[in-house]
J.: 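Right, I'll just put the structure down here and ask away after.
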2 protein chains.
Amino acid sequence: MAQSSQKINMADVARAAGVSMATASRALNNDYGVSEATRRRVLAVAEELSYVVSPEASRLAGGATGRVAVVVPHISRWFFAALLEGLESVLRAADLDVLLYHVDGIEDRHDFFHRLPARRKVDAVVVLAFPVGEEEQRRLELMGVTIIAAGGQHAPYPNVSIDDETAGRQAMDHLLFLGHRRIAMIAAVDPDQPDEVQPSGRSNAYYSALRDAGIPLDERLVVTVDWGGDQGADAMAKLLSQPEPPTAVYAHSDEVALGAIRTLRRAGLRIPDDISVIGIDDHPVAELTDLTTVRQPVREQGERAGRMLLNILRGEETEHGVVVPTQLVIRGSTAPPRG
Amino acid sequence: MAQSSQKINMADVARAAGVSMATASRALNNDYGVSEATRRRVLAVAEELSYVVSPEASRLAGGATGRVAVVVPHISRWFFAALLEGLESVLRAADLDVLLYHVDGIEDRHDFFHRLPARRKVDAVVVLAFPVGEEEQRRLELMGVTIIAAGGQHAPYPNVSIDDETAGRQAMDHLLFLGHRRIAMIAAVDPDQPDEVQPSGRSNAYYSALRDAGIPLDERLVVTVDWGGDQGADAMAKLLSQPEPPTAVYAHSDEVALGAIRTLRRAGLRIPDDISVIGIDDHPVAELTDLTTVRQPVREQGERAGRMLLNILRGEETEHGVVVPTQLVIRGSTAPPRG
DNA sequence: GGTCGTTTCGGAAGCGTTTCCGTTCCCGAA
DNA sequence: TTCGGGAACGGAAACGCTTCCGAAACGACC
């Protein structure tokens, strides 16, 4: 049994199976043009010799890399990590390797698109949760690989995401349903994504909900801040300093909502008795802090994106834009206004 | 602007730089035997042509892959994501690509080590925050690649982490300093890491702190649960159901502490007036929820691990075991016991 | 000025596949 | 019996790099 466990290659397999390398290659790849008998023989020999094709050589000679690049910002935030987790799971199940490219900050991002380190290293690129600019699009296409997007603003690529406006409406409608009329909004923007100058779906929801409810807009009740808990806290402080503070706060995300709550608590206000707060996302912490929110299936978005990619890679048809549903989750941070 | 974006290879670069491929290769790889002037010229041309070496060809010919595998569990938890973030940043700065292998659950993990998908695909493997078993060690070594660990139990590899016992002592000593004598511990274990049967440093800290303070151990004040916020909540409920509840709770992690707090709040208890709670980690949410905790520099651990790896890959000397310091962060969830 | 040691550089042989062209073989149709 | 056509298979040229080995250039030293 003590065989020379030297590095054996396809030539060895071919020889042992009594076929040419060409045929061996075809058999090993389940390619067209090999008789069933031959294929079986080759496969058996390969198994016997516990041979596996060299991915490097395979790729060099023209095959696929079996790798996909994932570009993701802010990876230590739950949302992005969860997205990544979902994506990775289906990709790896399909025997694809995931090359991680974390881009934080606008310049980091520029750098990435400028250098395109993924070039000729992957079969596809998945852009997680950020908009792709014109110039960036061009460079991406230059790579000549499949591209898809997930979890974010609709890129011009196949993508999966939630409907932000609907999610926002679910939150606002809940507040309105409870009887609130003086509702503030803490809008959060990602400072690293300047493209997002146009009003977001989550903001639109605020305006349309008020309009539909016949409540006049009070500009002072809208505060826009950079994304983040601390920013949420600051925003809440600003809101609180007004002559007629809101009875409810609609925050664009759970983290921002948590920040707002901290300010509220420190100010001695009770939640939801004195003021209601609602977020969006259903961050795991939301459950631990009894925060009412609108849940979006984050991991699932990553998974869907992964499956989409798989389909495309296989040359199959696939949906182009998938929208996954969101859902109101009522917890302890919202209640009817006092009175 | 419409340049032919054809695939260019090293031969093109060499030609453009007026050198042979051999020299170009050496220059691109920062190899020995190229004059500084030549090297610069080659690099400039490469940049100009936005050329990157084909990892496949490079590897095939005997070079390095320029890739490192990162094995990480629970990626959507802040701790792991932050670790990864730090690691990735230094690795990418060094032009190494990161292959992400997410292993969740014990079987997933076994599967990984059994198949070792990273085989021949990477130059090194970084194991993030989980202990490596005997058998796994063997298989890892079989790969013949560099291996390091970060953020976790000391593996038999170069690694960086915190001193769990010290961290625990910082938390316990704070509670004791405030005057608490009836202190409970909610110990958290990772259900996916059965290796961790031996008492952890965080637990040891509890016992030694009590001993040093001359406080007799009350077994009923120790609850061990699986890691997680909900589990923390359950543990707290158990603690609360006792005839003589604690005046302070030491939780192994911030998430667990938050869970405990939820139970406390729901029970109508006020924090820190009625009961103090302290966690470990300084999860971003801790700041938002005014949770006193012991901070560990997570991102930094990832970065240090990355630099260690870089050193090793370069064949330089490097420290074998790095311990980064932790620090007590006093916020609003702890106070002296009610007198 | 000649010899020897360094340093820098080029030629070319692989590395292990895939795939483009053929070639052979077999079978049914004419 | 011959011929055409398709299936099965083989030869060999890429694929893009690294590296061994030797050549050339350049000083330094005697």
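Worth saying up front: this structure is predicted, and the values here are computed from it rather than measured. Numbered from 1 within each chain, the chains take letters A, B, ... in sequence-line order.
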J.: For the pair A:Phe130 and A:Phe113, name the ring-plane relationship: parallel under 30°, tilted 30 to 60°, perpendicular over 60°.
T.: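 Ring orientation, 0 to 90° scale: perpendicular.
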J.: Measure the distance from CG on A:Leu60 to P on D:dG16 and round it to the nearest whole Å.
T.: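 That distance rounds to 7 Å.
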J.: Closest approach of B:Thr38 and B:Ser35, non-hydrogen atoms and distance?
T.: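 So the two residues come closest at OG1-OG, 2.6 Å.
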J.: A:Arg26 has an atom CZ; how far is it from atom C1' of D:dA12, in whole Å?
T.: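 In whole Å, D:dA12 C1' and A:Arg26 CZ are 13 Å from each other.
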J.: Among side-chain atoms of A:Asp190 and A:His74, is any donor-acceptor pair under 3.5 angstrom?
T.: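 Side chains of A:Asp190 and A:His74: pair found under 3.5 Å.
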J.: Could you state the CG-P distance from B:Asn29 to D:dG16, rounded to the nearest angstrom?
T.: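 About 17 Å, once rounded to whole Å.
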J.: Could you tell me whether the phosphate oxygens of C:dC15, OP1 or OP2, come under 4.0 Å of any side-chain nitrogen or oxygen in A:Asn9?
T.: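 Looking at the OP1 and OP2 atoms of C:dC15, neither is under 4.0 Å from any side-chain N or O of A:Asn9.
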J.: For A:Trp227, does the six-membered ring have the charged nitrogen or CZ of A:Arg77 within the cation-pi criterion, i.e. under 6.0 angstrom from the centroid and within 45° of the normal?
T.: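 Geometry flag: set, cation within 6.0 Å and 45°.
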J.: Which listed nucleotide (D:dC9, C:dG10, D:dC17) is nearest to the side chain of B:Met10?
T.: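 Looking only at heavy atoms from C-beta outward on B:Met10, the closest nucleotide is D:dC17.
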J.: Any base atoms under 4.0 Å from B:Arg59, or only sugar-phosphate, or nothing? Heavy atoms, all strands.
T.: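 Counting heavy atoms under 4.0 Å across all strands, no contact is made by B:Arg59.
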J.: Between B:Tyr51 and B:Asn9, do the side chains contain a donor N or O and an acceptor N or O under 3.5 Å apart?
T.: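 Not at all, the side chains of B:Asn9 and B:Tyr51 share no donor-acceptor pair under 3.5 Å.
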J.: Has B:Thr38 got a side-chain N or O lying under 4.0 Å from the OP1 or OP2 atom of C:dC9?
T.: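 For B:Thr38, the contact criterion (side-chain N or O under 4.0 Å from OP1 or OP2 of C:dC9) is met.
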J.: I need the CD1-P distance between B:Ile8 and D:dC15, as an integer number of Å.
T.: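 Atom-to-atom, B:Ile8 to D:dC15, this comes out as 15 Å.
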J.: Would you classify A:Val42 as touching base, sugar-phosphate or nothing, given that sugar-phosphate means primed atoms plus P, OP1 and OP2, and contacts are heavy atoms under 4.0 Å?
T.: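 No contact.
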J.: If I take atom CZ in residue A:Arg15 and atom P in nucleotide D:dC9, what distance separates them, rounded to the nearest angstrom?
T.: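 Roughly 19 Å, once rounded to whole Å.
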J.: Given C:dC15, is OP1 or OP2 found less than 4.0 Å from the side-chain N or O atoms of A:Ser54?
T.: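 No.
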J.: B:Asp31 CG to D:dT19 P: how many Å, rounded?
T.: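 Between P of D:dT19 and CG of B:Asp31: 7 Å.
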J.: Looking at D:dA8, C:dT17, D:dG16, which one has an atom nearest to any side-chain atom of A:Ser35?
T.: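 Comparing D:dA8, C:dT17, D:dG16 against the side chain of A:Ser35, the answer is D:dA8.
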J.: Using the closest heavy atom to pick a nucleotide of DNA chain D for each, name whichever of B:Ala11 or A:Ala24 lands nearer the 5' end.
T.: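 Looking at DNA chain D, the more 5' nearest nucleotide goes with A:Ala24.
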J.: Does D:dT18 have OP1 or OP2 sitting under 4.0 Å from an N or O in the side chain of B:Ser58?
T.: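 For D:dT18, OP1 or OP2 has a side-chain N or O of B:Ser58 closer than 4.0 Å.
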J.: So, is A:Tyr32 near the phosphate of C:dT18, with a side-chain N or O under 4.0 Å from OP1 or OP2?
T.: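 Result: no.
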J.: Quick one: label A:Ser25 by what it contacts on the DNA or RNA (base, sugar-phosphate, nothing), any heavy atom closer than 4.0 Å.
T.: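 Base, at least one base atom sits under 4.0 Å.
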J.: Output the rounded distance in Å from CG (B:Asp12) to P (D:dG16).
T.: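 Between P of D:dG16 and CG of B:Asp12: 9 Å.
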J.: Please state how far atom CZ in A:Arg41 lies from atom C1' in D:dA8, giving the value in whole angstrom units.
T.: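 A:Arg41 atom CZ is separated from D:dA8 atom C1' by 12 Å.
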J.: Between B:Ala61 and B:Glu36, who's closer to the 5' end of DNA chain C by nearest nucleotide?
T.: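 It is B:Glu36, whose closest nucleotide lies nearer the 5' terminus.
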J.: I'd like to know if A:Arg67 and A:Asp123 make a salt bridge, using a cut-off of under 4.0 Å between side-chain N and carboxylate O.
T.: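 Salt bridge absent between A:Arg67 and A:Asp123.
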J.: Look at A:Ser20 and D:dG10 and indicate whether a side-chain polar atom (N or O) is within less than 4.0 Å of OP1 or OP2.
T.: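 True: A:Ser20 side-chain N/O within range (under 4.0 Å) of D:dG10 OP1/OP2.
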J.: For the side chain of A:Met21, counting heavy atoms from C-beta on, which of C:dG16, D:dG16, C:dT18 is nearest?
T.: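 So the nucleotide nearest the side chain must be C:dT18.
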